[in-house]
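Residue numbering restarts at 1 for every chain, and letters A, B, ... go by the order of the sequence lines.
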Number of protein chains: 2
Amino acid sequence: MKRNSRLSAVLHALLHMAERDRPMTSEELAVCLHTNPVVVRRTMAGLREAGLVISGRGHGGGWALGRPLEDVTMRDIYAALGEPMLFQMGNVTESPGCLVEQAVNHALDDAFHDAEAMLIARLGEVTLATLADDFKRRFAEHRAALKQPG
Amino acid sequence: MKRNSRLSAVLHALLHMAERDRPMTSEELAVCLHTNPVVVRRTMAGLREAGLVISGRGHGGGWALGRPLEDVTMRDIYAALGEPMLFQMGNVTESPGCLVEQAVNHALDDAFHDAEAMLIARLGEVTLATLADDFKRRFAEHRAALKQPG
DNA sequence: CACTTCGTAACTACTATCATTACATGAAAA
DNA sequence: TTTTCATGTAATGATAGTAGTTACGAAGTG
């Protein structure tokens, strides 16, 4: 199956919004994300409920950040998206009667749970401000490279 | 999409095979795994190519372990299955032109790669012998519980 | 040769993600 | 108040991955 790219997409959207001083419409965001305005609305819905973004209708409406960049981590975004399944792999049966399968499940769950905990902790260490700074660095590098080709 | 349960399934199969002194047919394994013989053959194909199991046709044929339990880790099995994608989440674009998206991808890749490395290392620490021992412990507990109900 | 068992291709069912269409709701501008 | 803009959301379709199933060929045993 296709992989879930919502976290990646909304982070992308939020950083573009951070570069603007006015709300961005779903249409504008859809252009940035190379997708459809309805997909944008659907994906951002969870963030709105979590207060991470604010949406307004009508003239001058659109999407704006609901909190300072420093106060939002990638983990917050992940949570606002409903904490989608991280792993593509899983057990055949969740609560098997077979003792062999129980032993297998236990070993796999152990490893996967630890990896999940580590990953989520890592997401919690990166704020939108971190990402915005990284973008600015890349942007400066990009401009420097254009000035001095070769 | 359904989650990939092949690792879980083949581990289950290998431990059942370890409890037998003769090859197990795909039919027998399919009963253990509550699935179809063809699914068993398909899933075990990679393990055969990796030498982790041996298959034989005709009378007395079936599947047998190709290596001692102590010599095979869950990581080996994972590799023999073709190292299927671990994560359900991914980036929208792998090599985006947009610098914002590059910053996002970099941060996410960083976290996911570390989690993947940790998980795979963990899989490498657990051998089939470890799992077999855990099964035996569970089996002993199970029998004790039956003897002394309440 | 008869029988068993694997090897594999082809087809189906199910599920998840994302795209798209259609229309209702709400808010600002004219 | 009417028009216009923009979100909110349901319904539908396209695509892809997993697993189940059928069918048949290949290879080995008795």
Which residues pass the side chain to side chain contact (heavy atoms under 4.5 Å, CB included) test with B:Val31, sequence neighbours left out?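 Applying side chain to side chain contact (heavy atoms under 4.5 Å, CB included) to B:Val31 gives none.
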B:His106: side chain to side chain contact (heavy atoms under 4.5 Å, CB included) partners, not counting sequence neighbours: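 Testing B:His106 for side chain to side chain contact (heavy atoms under 4.5 Å, CB included), a comparison that skips the adjacent residues, returns A:Asp134, A:Arg138, B:Asp110.
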Among all residues two or more places apart in sequence or in another chain, which pass the salt bridge (charged side-chain N to carboxylate O under 4.0 Å, His left out) test with B:Glu27?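 None.
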What residues form a salt bridge (charged side-chain N to carboxylate O under 4.0 Å, His left out) with A:Asp109, not counting sequence neighbours?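 In terms of salt bridge (charged side-chain N to carboxylate O under 4.0 Å, His left out), with neighbours along the sequence ignored, A:Asp109 is linked to no residue.
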Using residues 6-16 of chain A as the side-chain source, report each donor-acceptor pair under 3.5 Å to any protein atom, sequence neighbours left out, with the distance given to one decimal.
residue: A:Arg6; atom: NE; partner: A:Asn4; partner atom: OD1; Å: 3.4
residue: A:Ser8; atom: OG; partner: B:Val92; partner atom: N; Å: 3.3
residue: A:His12; atom: NE2; partner: A:His16; partner atom: NE2; Å: 3.0

Could you tell me how far apart [X] ([atom1]) and [N] ([atom2]) are, to the nearest whole angstrom?
{"X": "A:Trp63", "N": "D:dA6", "atom1": "CH2", "atom2": "P", "value": "14 Å"}
{"X": "B:Arg3", "N": "D:dA16", "atom1": "CZ", "atom2": "C1'", "value": "18 Å"}
{"X": "B:Gln88", "N": "C:dT15", "atom1": "CD", "atom2": "P", "value": "15 Å"}
{"X": "B:Lys2", "N": "D:dG20", "atom1": "NZ", "atom2": "C1'", "value": "7 Å"}
{"X": "B:Leu81", "N": "D:dT18", "atom1": "CG", "atom2": "C1'", "value": "14 Å"}
{"X": "A:Met85", "N": "C:dT15", "atom1": "CE", "atom2": "P", "value": "15 Å"}
{"X": "A:Met44", "N": "D:dT7", "atom1": "CE", "atom2": "C1'", "value": "12 Å"}

Quick one: ring pair (Phe, Tyr, Trp, His ring centres under 6.0 Å) partners of B:Phe112, sequence neighbours excluded?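 For B:Phe112 the ring pair (Phe, Tyr, Trp, His ring centres under 6.0 Å) partners, ignoring immediate neighbours, are B:Phe87.
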Just to verify, what does A:Phe135 make a ring pair (Phe, Tyr, Trp, His ring centres under 6.0 Å) with, not counting sequence neighbours?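 For A:Phe135, the residues satisfying ring pair (Phe, Tyr, Trp, His ring centres under 6.0 Å) (neighbours in sequence not counted) are A:Phe139.
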At a heavy-atom distance below 4.0 Å, what parts of residues 4-34 of chain A sit against DNA chain C?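 Under 4.0 Å from DNA chain C: A:Asn4, A:Ser5, A:Arg6.
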Stretch residues 98-110 of chain A: residues that reach within less than 4.0 Å of DNA chain C through a heavy atom: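 Here the set is empty: none.
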Protein-proximity profile, nucleotides 22-30 of chain D, B/S/- by nucleotide at the 4.0 Å heavy-atom cutoff, equals BB-BBSBB-
For A:Arg48 and for B:Thr35, locate the closest nucleotide of DNA chain D by heavy-atom distance; then report the residue assigned to the nucleotide nearer the 5' terminus.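 Closest to the 5' end, via its nearest nucleotide, is A:Arg48.
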Quiz question: going by heavy-atom distance under 3.5 Å, is there a donor-acceptor pair between the base of C:dT21 and the side chain of A:Arg42?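 No such pair is found, so the answer is no.
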Check: B:Ser95 main-chain N/O paired with B:Asn105 side-chain donor or acceptor under 3.5 Å: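 Not a single qualifying donor-acceptor pair exists.
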Under the 3.5 angstrom rule, does the side chain of B:Arg3 hit a backbone N or O of A:Met89 as a donor-acceptor pair?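 Yes, the answer is positive, given that a donor and an acceptor are paired below the 3.5 Å cut-off.
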Does anything in residues 56-85 of chain A form a salt bridge (Lys or Arg N to Asp or Glu O under 4.0 Å)? List the pairs, not counting sequence neighbours.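 Salt bridge (Lys or Arg N to Asp or Glu O under 4.0 Å) check on residues 56-85 of chain A returns no pairs.
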Going by the salt bridge (Lys or Arg N to Asp or Glu O under 4.0 Å) test, which pairs reach into residues 140-149 of chain A, not counting sequence neighbours?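 As it turns out, the salt bridge (Lys or Arg N to Asp or Glu O under 4.0 Å) pairs with a partner in residues 140-149 of chain A, which skip direct neighbours, are A:Arg137-A:Glu141.
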Any A:Ser55 side-chain N or O less than 4.0 Å from OP1/OP2 of D:dG8: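 Checking A:Ser55 against D:dG8: at least one side-chain N or O falls below 4.0 Å of OP1 or OP2.
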